[in-house]
Amino acid sequence: MASIQDFSGYQPTWCPGCGDWGIGMAIKKALVELNYSPDQVAVVFGIGCSGNMNDFLNAYALHSLHGRAIPNAIGIKLANHKLPVIAVVGDGDCYGEGGNHFIHACRGNHDITVIVHDNGVYGLTTGQVAPTANKGFKSKSTPAGIVEVPINPLSLALVNGASFVAQGFAGDLNHLISLIKTGICHQGFSLINVLQPCVTFNKINTYQYYLQRVYKLDESYKKDDFKLALEKALQINEEKFPLGVIYEKKSLSYHQQLPQLKDNQSLIDKERFIEYDKLISGFI
Ligand SMILES: Cc1ncc(C[n+]2csc(CCOP(=O)(O)OP(=O)(O)O)c2C)c(N)n1
Ligand code: SF4
Ligand SMILES: [Mg+2]
């Protein structure tokens, strides 16, 4: 069985106290507890402090372009659908620059797990405003306060057809590990939006801020009730943050409906894809 050490790459360079430390550890622990070894999972990273985890996590990894982690993750999944595929992204990356990809991954029910570091800022580029920041948030790029209203990631995913929507907190490791494990095991698109304090550039959404506003959904919560899920998602707008699986439904994922994969043989194992030169010879 693999250990945390097997999944560990270089020593992280995140600021001391950053929520990314908790998320990084939660991902490693979830993979260990699911009994994977580093060669049995693919992880695609966006660009950002979140994306820097590419160097700190040992697995089959791809450090993609800013905003383009999701289409790369989908490509990997379609080529080798038996491999669990995770995308680790920032809120700027996923809901800003790559917002279009996020919407289409939800409606396609692509079987990937998207873990978003929701910190309200562009951390790596030193604190410009991200689309999850509250209206009026002052940053280097919005010295007078941001004019737009924030994106609500949970409701965005829900109304676009995501079959698994969850929210975690970087300050609650055990709960986050369990959410990540459930998300990876879910068949279809899974979003785990993680509230992540950026201790350097966001002095509003701190650990204290979240500790006063998060609450856990209890056992009696009905995860398959879409209207209730939407209600919970909209609570974010009132600065109340439900933690847990907000919505979960069973439905066929994208690759399960592809005629090319009906025989369940991975594309990379099919004869015509092995002879790649032959495949492209007609185009050159
Ligand atoms: C196409 C493109 N645009 C802009 C950048 C510059 N850039 C790098 S990281 C980043 C912001 C990252 O913010 P976020 O996705 O929220 O991640 P965080 O650093 O907060 O984890 C930007 C704008 C880039 N690398 N590529
Ligand atoms: S800048 Fe913010 S998000 Fe980036 S490592 Fe530092 S605390 Fe974390
Ligand atoms: Mg960010």
Side-chain angles (χ1 to χ4, degrees), residues 9-28 43-57 61-73 86-103 105 112-135 137-143 146 148-154 156-157 167-173 176 180 191-211 236 241:
Y10 293 107
Q11 175 69 11
T13 50
W14 293 312
C15 306
C18 172
D20 288 358
W21 290 90
I23 303 175
M25 184 49 78
I27 294 173
K28 285 187 211 165
V43 191
V44 185
F45 297 91
I47 304 295
C49 295
S50 41
N52 283 353
M53 200 190 294
N54 181 76
D55 298 335
F56 318 144
L57 180 86
L62 175 73
H63 205 167
S64 78
L65 296 177
H66 190 49
R68 308 292 176 247
I70 287 180
N72 280 289
I86 302 165
V88 174
V89 288
D91 47 2
D93 192 288
C94 185
Y95 306 134
E97 193 119 356
N100 54 342
H101 297 300
F102 177 71
I103 289 170
I112 60 171
T113 301
V114 178
I115 301 172
V116 186
H117 297 225
D118 179 353
N119 59 11
V121 288
Y122 285 1
L124 190 69
T125 43
T126 69
Q128 299 82 3
V129 76
T132 47
N134 278 343
K135 187 171 171 63
F137 182 87
K138 288 187 179 153
S139 73
K140 279 184 187 165
S141 57
T142 54
I146 181 169
E148 296 105 312
V149 296
I151 289 253
N152 181 317
L154 307 179
L156 184 67
Q167 184 155 261
F169 174 41
D172 191 340
L173 199 67
L176 186 57
I180 293 173
L191 166 70
I192 302 165
N193 187 65
V194 189
L195 307 170
Q196 177 248 313
C198 164
V199 295
T200 304
F201 296 112
N202 186 337
K203 304 295 183 192
I204 305 288
N205 308 110
T206 60
Y207 286 97
Q208 273 317 100
Y209 169 92
Y210 283 122
L211 283 169
I236 292 182
F241 300 89

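Just so you know, ligand 1 is whichever comes first in the structure, and atom 1 is the first atom listed for that ligand. Residue numbers count from 1 along this sequence.
- Nearest non-hydrogen protein atom to atom 3 (N) of ligand 1 is E97 OE2, 3.4 Å.
- Smallest separation of non-hydrogen atoms from C18 and W14: CB-CB, 4.3 Å.
- Nearest non-hydrogen protein atom to atom 7 (N) of ligand 1 is T125 CG2, 3.6 Å.
- Contact annotation: for V89 versus ligand 1, there are no heavy atoms closer than 4.0 Å.
- Applying the side chain to side chain donor-acceptor pair (under 3.5 Å) definition to pairs two or more places apart or across chains, none involves residues 44-56.
- Within the 4.0 Å heavy-atom cutoff, H117 does not count among the residues contacting ligand 2.
- Considering backbone and side-chain atoms together, D93 places an N or O closer than 3.5 Å to an N or O of ligand 1.
- Put simply, the side chain of S141 gets close to the backbone of V129: a donor and an acceptor are under 3.5 Å apart.
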| Derivation and outcome, side-chain contact (heavy atoms from CB on, under 4.5 Å), residues H117 and V194 | CA-CA 5 Å; H117 297 225; V194 189; 6.0 Å; no
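- Annotation: Y122 places no N or O atom under 3.5 Å from an N or O atom of ligand 1; distance criterion only.
- Here the shortest heavy-atom pairing between V199 and C15 reads CG2-CB, 4.4 Å.
- Of all protein heavy atoms, the one lying nearest to atom 14 (P) of ligand 1 is G92 N, 3.7 Å.
- When only interatomic distances are considered, the shortest N/O to N/O separation between G48 and ligand 1 does not fall below 3.5 Å.
- Among the atoms of A130, none of the N or O lies under 3.5 angstrom from an N or O of ligand 1.
- Numbered from 1 in the order shown, with element, the atoms of ligand 2 that lie under 4.0 Å from a heavy atom of Q196 read 3 (S).
- Residue, atom and distance of the protein heavy atom nearest to atom 19 (O) of ligand 1 are C49 N, 2.8 Å.
- Here is the list of ligand 1 atoms found below 4.0 Å of a heavy atom in I47: 8 (C), 9 (S), 12 (C), 15 (O), 25 (N).
- Side-chain N or O atoms of T206 include none that pairs as donor or acceptor with a backbone N or O of K203 at under 3.5 Å.
- Heavy-atom neighbours of K138 NZ from other residues, nucleotides or ligands within 6.0 Å: at or below the threshold of 12.
- A search for side chain to side chain contact (heavy atoms under 4.5 Å, CB included) contacts involving P131 returns Y95, Y122, I151, not counting sequence neighbours.
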| field | Derivation and outcome, side-chain contact (heavy atoms from CB on, under 4.5 Å), residues D91 and N119 | value | CA-CA 7 Å; D91 47 2; N119 59 11; 3.1 Å; yes
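- For the atom pair CD1 (I47) and CD (E97), the distance works out to 10.0 Å, reported to the nearest 0.5 Å.
- Within the listing of ligand 1, atoms 17 (O), 18 (P), 21 (O) sit less than 4.0 angstrom from a heavy atom of S50.
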| Working for side-chain contact (heavy atoms from CB on, under 4.5 Å), residues V88 and V43 | CA-CA 7 Å; V88 174; V43 191; 3.8 Å; yes
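- Heavy atoms only, all atoms of each residue included: F137 and G120 are closest at CE2-O, 4.3 Å.
- Taking all atoms of both residues into account, the shortest heavy-atom contact from A87 to A73 is CB-CB, 4.3 Å.
- Protein N/O/S atoms found under 2.8 Å from atom 6 (Fe) of ligand 2: C15 SG.
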| Residue pair C94, I70: steps toward the side-chain contact (heavy atoms from CB on, under 4.5 Å) verdict | CA-CA 8 Å; C94 185; I70 287 180; 4.0 Å; yes
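- Looking at every heavy atom in both residues, A69 comes nearest to G46 through CB-N, 3.8 Å.
- Closest to atom 4 (C) of ligand 1, if we only count protein heavy atoms, is H66 CD2, 3.8 Å.
- Between the side chain of N72 and the backbone N or O of R68 there is at least one donor-acceptor pair closer than 3.5 Å.
- Counting atoms of ligand 2 from 1 in the listed order, those under 4.0 Å from a heavy atom of N119 are 3 (S).
- For the Mg ion (ligand 3), protein N, O or S atoms closer than 2.8 Å were enumerated as D91 OD1, N119 OD1, V121 O, with waters left out.
- Among A69, G123, G120, G96, the residue whose heavy atom lies nearest to atom 20 (O) of ligand 1 is G123.
- In terms of heavy-atom proximity, D93 sits nearest to G67 at OD2-N, 2.9 Å.
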